[in-house]
Novice: 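Handing you this structure, nothing more for now.
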Amino acid sequence: MNEILDAIKNVSIKISQTIKYADLGYSQNQNATGDNQLKLDVLSDEIITTEFSKIASIKALVSEEKDEVLMLNENAKFIIAYDPLDGSSLVDVNFAVGSIFGIYENELKPECLVAAAYSVYGPRLELVICEENNQAPCLYRLDMGDKFAKIKELKMAEKGKLNASGATQKGWSKTHASFIKSLFDEGYRLRYSGAMVADLHQILLKGGGLFSYPATSDCVNGKLRVLFEVLPFAFIYENAGGATTDGVSNSLLSIKVEKTHQTTPCFFGSRYEIDRLKSAYNV
Ligand code: P6P
């Protein structure tokens, strides 16, 4: 596991450097969920694939930017599911973006998720790593010697004040629209950039709140990808004392994974906000 976490640190440094000067144009392709692929998406995926291909304990790679699972070492036990550059369409306006990693043991199921991490490429390069279940995630920051210094353990507040309300509002259900309005009526502040890594990082570090990307009339299964976006963040949030749901079950970590590029409605936050959402959704 340590060599995988070290590889995540290495690729985060390489991708953060690449972002600064790379060509921001689009490739000729779309990924498996229909997003137009930026050359930077492909480049970031190549950086990660090259680094992880050196590690004998990795059985396979599953990437938002690869249609199929990439088998590496048949008898190894770790499967890494990752989004190489989440929010990449915002690099052209210089917003914070990031990479997301889920480390699964033997099978791509929530109960096999043994660690999770994400990087944030912003004014500073930061990493959040949750090394095992039932252990608090930790924040790391790249120091002047190009080493990741451990900053602190992350714990979600019981209740926050930030509301990151995603998806096209005209497609929201009446239930969702009235629930989100009730939070704003309570004085919550809108904080939504369009990059889930940055939005979830802010809520995790700034004392809590709610991130929501619901089902909508045009996206009934939501937009965010289960294996390499939703489950890694659910693992990190719940181990930080937060809560999650898909609006039907009690936790995102009880989702049944049926397809590699499966999407789901998803809600992450402090306990108070998720409890309020669950009662609004009759979970
Ligand atoms: P919308 C970025 O493309 C992403 O996958 C997530 O990082 C982000 O939360 C979401 O899509 C934003 O989607 O529909 O609000 O632009």
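Numbering of ligands and ligand atoms starts at 1, following listing order.
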Novice: Which heavy atom of Ile100 sits nearest to which heavy atom of Pro232, and what is that distance?
Specialist: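 For Ile100 and Pro232, the tightest heavy-atom pair comes out as CG2-CB, 3.8 Å.
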Novice: Is the closest side-chain heavy-atom distance between Gln135 and Asn239 below 4.5 Å?
Specialist: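 A side-chain contact is absent here, since even the closest heavy-atom pair is not under 4.5 Å.
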Novice: Yes or no: does Leu224 have any heavy atom under 4.0 Å from an atom of ligand 1?
Specialist: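 Under 4.0 Å: yes for Leu224.
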Novice: Going by distance alone, is a donor N or O of one side chain under 3.5 Å from an acceptor N or O of the other, for Tyr188 and Glu273?
Specialist: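 On atom types as modelled, these side chains qualify, holding a pair under 3.5 Å.
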Novice: Among protein heavy atoms, which lies nearest atom 16 (O) of ligand 1, and at what distance?
Specialist: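 Its nearest protein heavy-atom neighbour is Lys223 NZ, 3.9 Å.
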Novice: What are the atoms of ligand 1, with element, lying closer than 4.0 Å to any heavy atom of Glu229?
Specialist: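 Those qualifying, in numeric order: 5 (O).
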Novice: Tell me whether ligand 1 is touched by Gly166 - counting only heavy atoms on the residue side and a distance under 4.0 Å.
Specialist: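 No; Gly166 lies far enough from ligand 1 that no heavy-atom distance drops under 4.0 Å.
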Novice: Give the ring-plane orientation class for Phe268 versus Phe233, where under 30° counts as parallel, over 60° as perpendicular and anything between as tilted.
Specialist: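 Perpendicular.
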Novice: Report the member of Thr33, Asp83, Asp86 with the shortest heavy-atom distance to atom 4 (C) of ligand 1.
Specialist: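 Comparing heavy atoms across Thr33, Asp83, Asp86, the nearest one to atom 4 (C) of ligand 1 lies in Asp86.
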Novice: Note the single closest protein heavy atom to atom 14 (O) of ligand 1, along with its residue, its atom name and the distance in Å.
Specialist: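 Here the closest protein heavy atom is Tyr213 OH, 2.6 Å.
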Novice: Does ligand 1 have a heavy atom under 4.0 Å from the side chain of Arg225, from its backbone, from both, or from neither?
Specialist: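 Under 4.0 Å from ligand 1, Arg225 contributes side-chain atoms alone.
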Novice: Should you measure from each heavy atom of Ala195, which atoms of ligand 1 turn up under 4.0 Å away?
Specialist: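 So the atoms of ligand 1 that pass are 7 (O).
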Novice: Return the closest protein heavy atom for atom 2 (C) of ligand 1 as residue, atom name and distance.
Specialist: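 Here the nearest protein heavy atom works out to Gly194 O, 3.5 Å.
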Novice: Can an N or O of Ser89 be found at a distance shorter than 3.5 Å from an N or O of ligand 1?
Specialist: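 No: no nitrogen or oxygen of Ser89 is under 3.5 Å from one in ligand 1.
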Novice: For residues Ala195 and Gly87, report the shortest heavy-atom separation together with the two atoms involved.
Specialist: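 Between these two residues, the closest heavy atoms are CB-CA, 4.1 Å.
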Novice: Which of the atoms of ligand 1 are close to Met196, meaning less than 4.0 Å from one of its heavy atoms?
Specialist: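 Listed by number with element, the hits are 6 (C), 7 (O), 8 (C), 9 (O).
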Novice: Check Ser251 against Glu238 and note the closest heavy-atom contact, atom names and distance.
Specialist: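 Taking Ser251 first and Glu238 second, the nearest heavy atoms are OG-OE2, 2.7 Å.
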Novice: Ala96 and Ala198: which non-hydrogen atoms are nearest, and at how many Å?
Specialist: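 Taking every non-hydrogen atom into account, O-CB, 3.7 Å.
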Novice: What's the shortest distance from atom 15 (O) of ligand 1 to any protein heavy atom, and which residue and atom give it?
Specialist: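 Answer for atom 15 (O) of ligand 1: Tyr192 OH, 2.7 Å.
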Novice: How are the rings of His176 and Trp172 set relative to one another: parallel (under 30°), tilted (30 to 60°) or perpendicular (over 60°)?
Specialist: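 Because their plane-to-plane angle is over 60°, the rings of His176 and Trp172 count as perpendicular.
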